[in-house]
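The basis for the numbers below is simple: all heavy atoms, side chains too, and nothing from hydrogens, waters or symmetry mates. Note that ligands are numbered from 1 as they come in the structure, with each ligand's atoms numbered from 1 the same way.
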Amino acid sequence: MPALDTVLAEQLATLARQGLRRDLRRVASPQGPHVRVDGRELRNFSSNDYLGLANHPALVEASVRAARDYGAGSGASRLICGSLTPHHEAEEALAAFKGTPAALIFSSGHVAALGVIPALVGPEDVVIIDKLVHACCVDGARLSGAKLRVFAHNDLNDLEQILQWATGRAELGRILIVIESVFSMDGDLAPLTPLVQLKEKYGAWLMLDEAHATGCFGPNRRGLAEAVGVGAQIDIQFGTLGKAIGAAGGYVAGSRTLVDYLLNRARSFIFSTAPVPAAAAAARAGLELVQGPEGVTRAATLWQRVNEMKTELAAAGWSPHASASAILPLLVGGENEAVELSRRLRGLGFLVPPIRYPTVARGLARLRLTLSAAHTSDDVQALGEALSVFRPESESSGASLGA
Ligand SMILES: Cc1ncc(COP(=O)(O)O)c(C=O)c1O
């Protein structure tokens, strides 16, 4: 058998030829609208730090205080002796924020999905996902062993047909639908109101991933479910503390029974060391900020920057797909072309990494611009000017790199 490194090096070379190889870039500054990479300051249009809280003094101070008061590590899983006060405080703050009786935090959103979905459904059951849900929900659904059905993106007729099929089979038990409220790579929104009507009509459970909506949508910035008034009908509210909230960690918010059940059954919660106290304390501080006057101002600034960016893009000849959020994808098409466009933008001082297969389908590579309340109008204008150099030939045929 060939040596491990020989096999892996060949596969890496294939990935590179296809424009699919990834490498880490070392960021030598805190997260923010400007970051330092390879000794150079770049305007960052790729983070999910939508409200600019990742390096906010209140979150930094809360982390430092928690490390001083509770140590650097958690020592054990939550169910052994690692369930520290900062974890409980973050969960209480999260439940109050989401308007649910209880909440449970995990070390990341990805890990939460791997625990939650298999805890709720198994081989006798059905899990139905939108075609574009995040990889963590796909992985959780596969891991559950439930019959997996995928409906075309945001296609309610397709979903209803699957629901009819599932409810028509006596041998099948529970039905869990998993969707995102803001789709992470397209920035478009799920039709939540009719989705909720469908899940109620067929007696299915609904798990809603609000990763990219929490902190940005709704009068209290709880998410899209709040914005459209269906929060109380979502069975499992799910998301991450690592985007607009400015910290790290995954969460589930819902009934006390749901949380009690999950802490008994979600394997990635049970068999894993608790998140470090600093992360939980930062999340709590982020949640407090998001709910207060600063949250109001920051969310308003975010939407202002999004609108400014859309104006700049239109002037530069780009159309950000069907986005209705702070995620503005610029479809390029070919993987190598997306890599090249990103490289050229970097040369001009912008960090906008290419998004390629398997994150999106082959041939649908893109630059995924994300806006933050921490961007200035000047940042946005500068990117608009840079993008006007690389006008797309047409939205589907890809960007012109000849300029
Ligand atoms: C839609 C969506 N769900 C879940 C996750 C996972 O969250 P985390 O980054 O906390 O693992 C992400 C992001 O990475 C995401 O974009």
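Interface of T240 with ligand 1, defined as ligand atoms under 4.0 Å from a residue heavy atom, comprises 7 (O), 8 (P), 10 (O). Of all atoms in ligand 1, numbered sequentially from 1 with element shown, those under 4.0 Å from a heavy atom of D209 are 1 (C), 2 (C), 3 (N), 4 (C). Listed by number with element, the atoms of ligand 1 under 4.0 angstrom from any heavy atom of G109 are 6 (C), 7 (O), 8 (P), 10 (O), 11 (O). Close approach of ligand 1 to H212 is summarised as follows: ligand atoms under 4.0 Å from at least one heavy atom of the residue are 1 (C), 15 (C), 16 (O). Of all the atoms in ligand 1, the ones that sit under 4.0 Å from a non-hydrogen atom of S184 are 16 (O).
Residue S184 holds its OG atom at 5.0 Å from NE2 of H134, rounded to the nearest 0.5 Å.
The shortest side-chain heavy-atom distance between I128 and V126 falls under the 4.5 Å cut-off.
Between F45 and H375, the ring-plane angle classifies as parallel under the 30° and 60° cut-offs.
Here E226 does not pair with R221 in a salt bridge; the nearest charged N to carboxylate O distance is not below 4.0 Å. The pair R366-D186 counts as a salt bridge, with a side-chain nitrogen and a carboxylate oxygen less than 4.0 angstrom apart. Between R346 and D38 a salt bridge is recorded (basic side-chain N to carboxylate O distance below 4.0 Å).
Between atom 15 (C) of ligand 1 and the options H110, E210, E180, H134, the minimum heavy-atom separation is to H134.
Atom CZ of R267 sits in a sparse spot, with 12 or fewer heavy atoms from other residues, nucleotides or ligands closer than 6.0 Å.
At a 4.0 Å cut-off, at least one heavy atom of C136 sits close enough to ligand 1 to count as contact.
Under 4.0 Å from ligand 1, the heavy atoms of A211 that appear belong solely to its side chain.
Looking from atom 13 (C) of ligand 1 to the surrounding protein, the closest heavy atom is K243 NZ, 2.8 Å.
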